[in-house]
Undergrad: 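Let me give you the structure first, and then I'll get to my questions.
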Amino acid sequence: MKENLHGRLRQDRKALLWKLDGLTEYDARRPLTATGTNLLGLVKHVASVEARYFGEVFDRPSPEALPRWRDSDGSDLWATEHETLDQIIGFYRRTWEHSDATINELPLDAPGHVPWWPEPYSNTNLFVVMVHVLGESIRHAGHADILREGLDGRTGLRAEHEKQIDEEARAAYCAKIERAARIQGFTRG
């Protein structure tokens, strides 16, 4: 079970990083939603989540500098002007190494403590943390999927499965969905 969860986490890490493939510094970090969500910020956030959960929770602090969780100011959701794409990708990759060591060295029932979770949930174990972090990773990889599609139309989990974009077929498909929505909207509206 642990290897299945860990394997999925590894797969989703790669998918999230692939969403940055070929982007300029600007496109990787610019806000793409009304709330400022951006691709590089998603990577930075997921790296911070992993660093905290597989570090602090099991008394195995991350070697990366992190603000105390109580002092979090939301800066883990975007890249500052002093952080580069390569620096944040490097942070994420180094965090993988630390997280993987925690996962490999501890049994699934290893006790952990999440101080930012309310009682009685703050005392937990590696299994629960792995499921939680996997959920966070999948959720944010999905956000990244949509953001990247909005930037240049690229979709998918991995480069080897990517297909050439057929703009005409994509437009016809979207028009079909729009027609169905309008018809239903007029019928119900």
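All residue numbers refer to positions in the sequence shown, counting from 1. What you see is a predicted model, and the numbers here were worked out from it, not measured in a lab.
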Undergrad: Hey, do the aromatic rings of Tyr53 and Trp116 have their centres closer than 6.0 Å?
TA: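 Judged by ring-centre distance (under 6.0 Å), Tyr53 and Trp116 do meet the cut-off.
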Undergrad: Going by atom type alone, with no hydrogens or angles, which donor-acceptor pairs under 3.5 Å involve a side-chain atom of residues 167-176 and a protein atom two or more places apart or on another chain?
TA:
from, atom 1, to, atom 2, distance (Å)
Arg170, NH1, Gly153, O, 3.0
Arg170, NH2, Gly153, O, 3.1

Undergrad: Would you say that Asp152 contacts Asp27 through its side chain, given a criterion of any heavy-atom pair below 4.5 Å between the two side chains?
TA: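 A side-chain contact under 4.5 Å is absent here.
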Undergrad: Same cluster or not: Val57 versus Leu9, using hydrophobic residues (I, L, V, M, F, W, Y) connected whenever any side-chain heavy atoms lie under 4.5 Å apart?
TA: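 Yes, because Val57 and Leu9 connect within a single hydrophobic cluster, where side-chain heavy atoms sit under 4.5 Å apart.
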Undergrad: With side chain to side chain donor-acceptor pair (under 3.5 Å) as the test, would you mind laying out the steps for Glu50 and Ser99 before giving the verdict?
TA: CA-CA 7 Å; Glu50 270 204 43; Ser99 298; 2.8 Å; yes
Undergrad: Could you label the plane-to-plane angle of the His132 and Trp117 rings as parallel, tilted or perpendicular, counting under 30° as parallel and over 60° as perpendicular?
TA: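 Ring orientation, 0 to 90° scale: perpendicular.
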Undergrad: How are the rings of His140 and His143 set relative to one another: parallel (under 30°), tilted (30 to 60°) or perpendicular (over 60°)?
TA: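 Rings of His140 and His143: tilted, as their planes differ by 30° to 60°.
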Undergrad: Do Leu32 and Ile88 belong together in a cluster built from hydrophobic side chains that touch within less than 4.5 Å?
TA: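 Leu32 and Ile88: one cluster.
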Undergrad: Is there a side-chain contact between Leu16 and Trp18 in this structure, where contact means two heavy atoms from C-beta onward sitting under 4.5 Å apart?
TA: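 No, too far: nothing below the 4.5 Å cut-off.
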Undergrad: Counting only heavy atoms not in Asp59 (residues, nucleotides, ligands), do more than 12 fall under 6.0 Å from its CG?
TA: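 Not buried by this count: 12 neighbours or fewer within 6.0 Å.
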Undergrad: If you measure from the Lys or Arg side-chain nitrogens to the Asp or Glu carboxylate oxygens, is any gap between Arg182 and Glu178 under 4.0 Å?
TA: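 Here Arg182 pairs with Glu178 in a salt bridge, since their nearest N and O are under 4.0 Å apart.
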Undergrad: With a 4.0 Å cut-off, would you call Asp76 and Arg52 a salt bridge?
TA: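 Salt bridge between Asp76 and Arg52, a charged N being under 4.0 Å from a carboxylate O: no.
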Undergrad: With sequence neighbours left out, which residue pairs that include part of residues 120-129 fulfil the side-chain hydrogen bond (donor to acceptor under 3.5 Å, both in side chains) condition?
TA: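 For residues 120-129, and leaving out neighbouring residues, the side-chain hydrogen bond (donor to acceptor under 3.5 Å, both in side chains) pairs sorted by first residue read His113-Asn123, Glu119-Ser122.
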Undergrad: Step by step, would you call Arg94 with His98 a side chain to side chain donor-acceptor pair (under 3.5 Å)?
TA: CA-CA 7 Å; Arg94 290 186 303 277; His98 185 261; over 6 Å; no
